[in-house]
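See structure below.
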Amino acid sequence: MDAVKVDAQRIAYRAAGTGPPLVLLHGTYEDSRVWEQQLKDLSDEFTVVAWDAPGCGESDDLVDGAGTLGEILAGFLAALGLAGGTQKPHVLGLSFGSVVALDLWKEHPEIPATLILASAYAGWAGSLPPEEVERRYSQVSAELEKPPSEIIPVWLPTLLTERATEPMKAQVARLFEDFRPSGMRALLAASGRADYSPVLPTITVPTLLLYGAADVRSPVTVAEDMHRRIPGSELVILPDVGHLSFIEDPEAFAAAVRRWLHAHSQT
């Protein structure tokens, strides 16, 4: 692990490879370890950077007054020399990470070369009915008082399909075992009721939407709504996989991302 300071906050990350930069933003209860396979698969042609969001992994908890998650991400990218340079980064946000990516666009639209939004929402409040937003918010709030052993059996069936192997399930379970309640609590307060639907029509960079056909957390109906709202976006549905499509079918996920990067990277 490496780390940089963004103001007074330590942000940890993993990086591999050389070439056009690709920044990976993980989802809820996760950290950069979830991208282990993608760091291997895509670093042959690209500089792949996977951060630990504030409150996750080895990063400090979200600090009051530190700015939005998109602003913190902008500071992180600047510290790595990936903001303001001639070669802009491609930003891939998964689930909660897609909300961070949208906030980056909202606050600093000059930074990303393209957006890849995987299993994405326009924030829960921007993509789900109000009653579902409150159900999820209340669920996570209550879970933060429980041990991981009680949380994992509830979440795994919503993240992976029945075709997922035991090693895949174990990989996800390990991440849940290491979550920090204090970090998650701050992230939930910052983004749990976020609505980025007004941001979607303002996106002018090329945007890839990448979803699993069997995703029950951000289903195809959410994907199609995001596709309608983001001008010129491309929607790719990966068959037979769920919310964590990149774990269930890393080859198909990497192929879709690689094709996108080849089409939109500077030469």
Side-chain angles (χ1 to χ4, degrees), residues 6 9 11 24-32 34 51-57 59-74 76 91-107 115 117-148 150-159 172 175-200 209 211 215-219 221-223 225-226 229 242-244:
V6 179
Q9 189 165 258
I11 302 295
L24 305 179
L25 311 174
H26 61 79
T28 301
Y29 286 120
E30 298 162 10
D31 58 53
S32 60
V34 79
W51 85 335
D52 286 352
C56 302
S59 291
D60 290 344
D61 285 357
L62 187 63
V63 176
D64 288 342
T68 69
L69 290 167
E71 289 171 332
I72 295 169
L73 176 59
F76 169 75
V91 178
L92 191 166
L94 165 78
S95 190
F96 155 72
S98 70
V99 176
V100 181
L102 290 173
D103 195 61
L104 174 70
W105 170 260
K106 176 176 178 288
E107 299 296 339
L115 297 174
L117 305 178
S119 307
Y121 311 95
W124 283 346
S127 292
L128 303 172
E131 59 273 16
E132 177 62 9
V133 174
E134 291 309 310
R135 186 196 70 78
R136 293 190 184 197
Y137 195 99
S138 298
Q139 175 190 338
V140 176
S141 294
E143 286 172 345
L144 298 181
E145 308 300 326
K146 300 177 181 179
E150 294 184 24
I151 301 172
I152 293 168
V154 175
W155 275 80
L156 277 182
T158 74
L159 299 174
V172 178
L175 297 171
F176 273 66
E177 289 168 355
D178 293 338
F179 89 91
R180 297 202 308 273
S182 60
M184 278 295 302
R185 192 171 290 110
L187 290 179
L188 180 66
S191 62
R193 294 189 175 100
D195 180 357
Y196 283 88
S197 56
V199 175
L200 302 185
L209 301 170
Y211 286 76
D215 191 343
V216 297
R217 292 198 63 81
S218 49
T221 52
V222 169
D225 182 61
M226 296 278 285
R229 292 172 183 244
H243 197 64
L244 301 184

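Please read all numbers here as calculations on a predicted model, not as lab measurements.
With rounding to the nearest 0.5 angstrom, the CD1 atom of I151 is 6.5 Å from the CG atom of L144. Interatomic distance, Y29 OH to C56 SG, rounded to the nearest 0.5 Å: 10.5 Å. Rounding to the nearest 0.5 angstrom, the gap separating the CG atom in L102 from the CG atom in L115 is 7.0 Å. Atom CG in L187 sits 4.5 Å away from atom CZ in F96 (nearest 0.5 Å). The OH atom of Y121 sits 6.0 Å away from the CG atom of L128 when rounded to the nearest 0.5 Å. We find the CD-CG distance between E30 and L94 to be 5.5 Å, quoted to the nearest 0.5 Å.
Heavy atoms only, all atoms of each residue included: L200 and A122 are closest at CD1-CB, 3.8 Å. Residue A194 comes nearest to V99 through the heavy atom pair CB-CG1, 4.5 Å, listed as atom of the first residue, atom of the second, then distance. The minimum heavy-atom distance between S197 and G126, with the atom names listed, is CB-O, 4.0 Å. Closest approach of D215 and R217 over heavy atoms only: OD1-N, 2.8 Å. The shortest heavy-atom contact between L69 and D103 is N-OD2, 3.8 Å. Nearest heavy-atom pair across L117 and Y211 is O-CE1, 4.2 Å.
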Check the pair I72 / V100 against side chain to side chain contact (heavy atoms under 4.5 Å, CB included), numbers first and verdict last. CA-CA 9 Å; I72 295 169; V100 181; over 6 Å; no

Go through W155 and Q139 one step at a time and tell me if the side chain to side chain contact (heavy atoms under 4.5 Å, CB included) criterion holds. CA-CA 11 Å; W155 275 80; Q139 175 190 338; 3.4 Å; yes

Side chain to side chain contact (heavy atoms under 4.5 Å, CB included) assessment of R185 paired with R180: CA-CA 9 Å; R185 192 171 290 110; R180 297 202 308 273; over 6 Å; no

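Proximity of D60 to P54: side-chain heavy atoms (C-beta onward) are nowhere separated by under 4.5 Å. Annotation: side chain of F179 is in contact with side chain of P148 (closest heavy-atom distance under 4.5 Å).
Formation of a donor-acceptor pair under 3.5 Å by the Q9 side chain with backbone atoms of V63 is found in this model. A distance-only check finds a donor-acceptor pair linking the side chain of S98 to the backbone of S95 [under 3.5 Å]. Under a 3.5 Å cut-off, the side chain of E71 and the backbone N or O of T68 do form a donor-acceptor pair.
The residues E143 and R136 are annotated as not salt-bridged, no charged nitrogen and carboxylate oxygen being separated by less than 4.0 angstrom.
Under 3.5 Å, the side chains of S218 and H243 contain a donor-acceptor pair of N or O atoms.
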